[in-house]
> 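My questions all concern the structure below.
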Number of protein chains: 2
Amino acid sequence: MHPNRKMREFERRERDILDTTLTLLTGEQWQTISVDKIAQCTGIGKGTVYKHFDCKNDIYAHLLLDNYRQMLTQLKRLAADDHLTGVQQIRGMLVYTLEYHRENVAHQHMHLHFRQKAFREQISSSYLQQLDDTEEQFIEAFEQAVYKGITEGDVNPDIPRETMMAGVSATFEGAIVMLQEGGCCKQQMMQTAEQKDAYINHVVDYMIAALIRQPADKQEKR
Amino acid sequence: MHPNRKMREFERRERDILDTTLTLLTGEQWQTISVDKIAQCTGIGKGTVYKHFDCKNDIYAHLLLDNYRQMLTQLKRLAADDHLTGVQQIRGMLVYTLEYHRENVAHQHMHLHFRQKAFREQISSSYLQQLDDTEEQFIEAFEQAVYKGITEGDVNPDIPRETMMAGVSATFEGAIVMLQEGGCCKQQMMQTAEQKDAYINHVVDYMIAALIRQPADKQEKR
DNA sequence: GTCATATTGTGACCGATGGTCACAGAAAAT
DNA sequence: ATTTTCTGTGACCATCGGTCACAATATGAC
C-alpha cells in the first residue's frame, strides 16, 4: 500500500509541475520562464523538478505530447464516424486541428519549437519518439479519410500520393505558422479571431480543392 | 579623409563579424555560438561586437536580411523577364526560393527563428521592419506574376485572392519547415538532396495546380 | 518507542552566457 | 607636447540550466 501511495504522490507532483507550467505559459513565453520559477510556483525545490524531467525542454515536450494526444483522439473519432463522407472527415480534421492551434497560443509555440532542430536534438529520445509516433498517427488517420474519399468518388485518385501529401502537409504546417499573431509580415492580417477564422476557412478550402481537383498536367502549359 | 577612413574600417569590421558568424554557422547551431566566440574568431573584443549590434540576435537578423535581399533580387529579375509566361515566372520563383532554402541550411534555421514570436520581439525594430518590408516585396513580385498569368489566361481568375494567397503562402512556408533534415516526423523522407529535390517538385506542382485549377465549389459536394 | 536503513526532496553551487561599462589607449586637435 | 575626443576592451554582473552532497522524511527491525 505505502509504495503505491508514494508512487501516486510522485505522479500527482508531476501533474502539478505540468499544470503550473501551463498556467505560467498563458502569461509569458517559454524562454522567459526559468526552471526555478516553475519549481517555486509549484511549491517544490528546483532539484525536484529534475527528478521528473531530464531537462527543461522535456517539460515542454511533455505538454506538447499531451496536446497531440488530445487532438489525435478527436481525429480518430472523426475517422471512425461513418455518418460523414470522406471529404467531410477530411474537412473536419483540418478545421478541428487548425482551430485548436488558433485557440491555444501556447500550443502553437510548442509546435513551432518542436520543428526546430536544436529542440528535437535536446529533448529525451523517448519524448522525441512518442511525439513523432503521434504525428505519424495523424497522417494515418488523415490518409484513411482520403482513401474513403477516393472510394466515394470525391477525391481525385489520379493525384500522386507523394504530391498530395507533400502539398497538404506543407500547407497545413504553414498555416500554423501563419496563424501566429505577428508571426508573419502582414501583422494586421491576423489579429482578431474573425480574421483567423476566415484564414482557416480559406486555407481549408484550398486544401480540399487540391484533393478533389482534376489532374494538373492536363491544364498547365509549360 | 581620416573620418571617412575610420568609417570604412568600422564597416569592414562589421562585415568581418558577419562573415565570421556565417562561417561558424556552417559548423554548429546558432544557439551554441556565443558572442564571445564570434568576437574571438573575428579577432576583436566582445564589447566591440556590441558597438555594431544591439543584441546577439541582431547579428542573426542581419544575416537573414542579407539572404532575403539576395533572393528578392532574383525574384525581381524573374518578374521582369518578359520571355517567360506568368506561370513560368511563378514556377521559377517558387523553385528558386525553395532550392535556396534547401542549399542553405543555416538560412533555413534563420528563417524559422524569425517566425518565432520571441525572436521577432527581441531584435531591433529597425531589423524587424526591414525584414517584414522585404517579405512584403516577395509577395508583391509573386502577385505580379500571378496577375500576368491571369491576363495570359493560364491562372484561374475566379479563385478569390485571399484563398489563393492564404493557400500558396501557407504551402510555401510549410515546405520550408518540411525541407529540414529531421525536421519532421518522417526523418528518413528528407535526407538526400534527391529526396529534397523531389519534394520541391511535388510541392511546386501542387501550388501551380492550385493556381490554374477550376473553381473548387463546382466540384465539391458538401 | 527507538534506532538503523532506505528513499526522496532540496537549495547551495557550478559553468556558461548575454549584456554593460569604466577605463585604457589611440587618434585628432590645439 | 599636451589636451581632448573617440573607440576598443575585457573584467564584471545577473541569470539560467543543470548537478549533487546532504538533509529530511519515511520504512523496517526489534
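Hydrogens, waters and symmetry mates play no part in the numbers below; they use all other heavy atoms, side chains included. First the proteins, then the strands, lettered A, B, ... as listed; each starts at 1.
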> At a cut-off of 3.5 Å, list every protein nitrogen or oxygen paired with a nitrogen or oxygen from nucleotides 23-25 of chain C, distance to 0.1 Å.
none

> Decide yes or no on ring pair (Phe, Tyr, Trp, His ring centres under 6.0 Å) for Phe114(B) and Tyr60(B), but give the supporting numbers first.
CA-CA 9 Å; Phe114(B) 182 54; Tyr60(B) 213 47; over 10 Å; no

> Figure out the CZ/P separation between Arg13(A) and dT7(C), and round it to whole Å.
18 Å

> Are Arg115(B) and Glu135(B) within salt-bridge range, i.e. N to O under 4.0 Å?
yes

> Please work out if Ile59(A) contacts a base, only the sugar-phosphate, or nothing of the nucleic acid, heavy-atom cut-off 4.0 Å.
nothing

> Apply salt bridge (Lys or Arg N to Asp or Glu O under 4.0 Å) to residues Arg69(B) and Asp133(B) and explain how you reach the verdict.
CA-CA 10 Å; Arg69(B) 293 208 164 128; Asp133(B) 277 358; over 6 Å; no

> What pairs with Tyr100(A) under side-chain hydrogen bond (donor to acceptor under 3.5 Å, both in side chains), at least two apart in sequence or on another chain?
Asn67(A), Gln70(A)

> Which pairs, with at least one residue in residues 93-113 of chain A and sequence neighbours excluded, count as a salt bridge (charged side-chain N to carboxylate O under 4.0 Å, His left out)?
Arg102(A)-Asp197(A)

> What is the distance from NZ of Lys37(A) to P of dG17(D), rounded to the nearest Å?
11 Å

> Quiz question: by atom type and distance under 3.5 Å, do the side chains of Glu121(A) and Gln29(B) form a donor-acceptor pair?
yes

> Thr48(A) side chain N/O closer than 4.0 Å to the phosphate oxygens (OP1, OP2) of dT10(C)?
yes

> For Tyr50(B) and dA22(C), give me the distance from atom OH to atom P, rounded to whole Å.
18 Å

> Could you check how far CG of Asn57(A) sits from C1' of dG17(D), rounded to whole Å?
10 Å

> I need the CD-P distance between Gln29(B) and dT17(C), as an integer number of Å.
15 Å

> Within the sub-3.5 Å range, which N or O atoms of nucleotides 12-14 of chain C have a protein N or O partner, and how far apart are they?
none

> Show me the pairs that pass salt bridge (charged side-chain N to carboxylate O under 4.0 Å, His left out) and involve residues 40-61 of chain B, at least two apart or across chains.
none

> What is the distance from CD of Glu28(A) to C1' of dT15(D), rounded to the nearest Å?
14 Å

> Round to a whole Å and report the spacing from CD1 of Ile38(B) to P of dG19(C).
11 Å

> Strictly below 4.0 Å: does Lys51(A) bring a side-chain N or O up to OP1 or OP2 of dT8(C)?
no

> Give me the atom names and distance for the closest heavy-atom approach of Ala175(B) to Ala170(A).
N-CB, 3.6 Å

> If you assign Asp36(A) and His52(B) each to the DNA chain D nucleotide with the nearest heavy atom, which residue ends up on the more 5' nucleotide?
His52(B)

> By the salt bridge (charged side-chain N to carboxylate O under 4.0 Å, His left out) test, which pairs, at least two apart or in different chains, include something from residues 31-43 of chain A?
Glu28(A)-Lys37(A)

> How would you label the contact of Gln122(B) with the nucleic acid (heavy atoms, under 4.0 Å): base, sugar-phosphate, or nothing?
sugar-phosphate

> I need the CD-C1' distance between Gln40(B) and dT17(C), as an integer number of Å.
13 Å

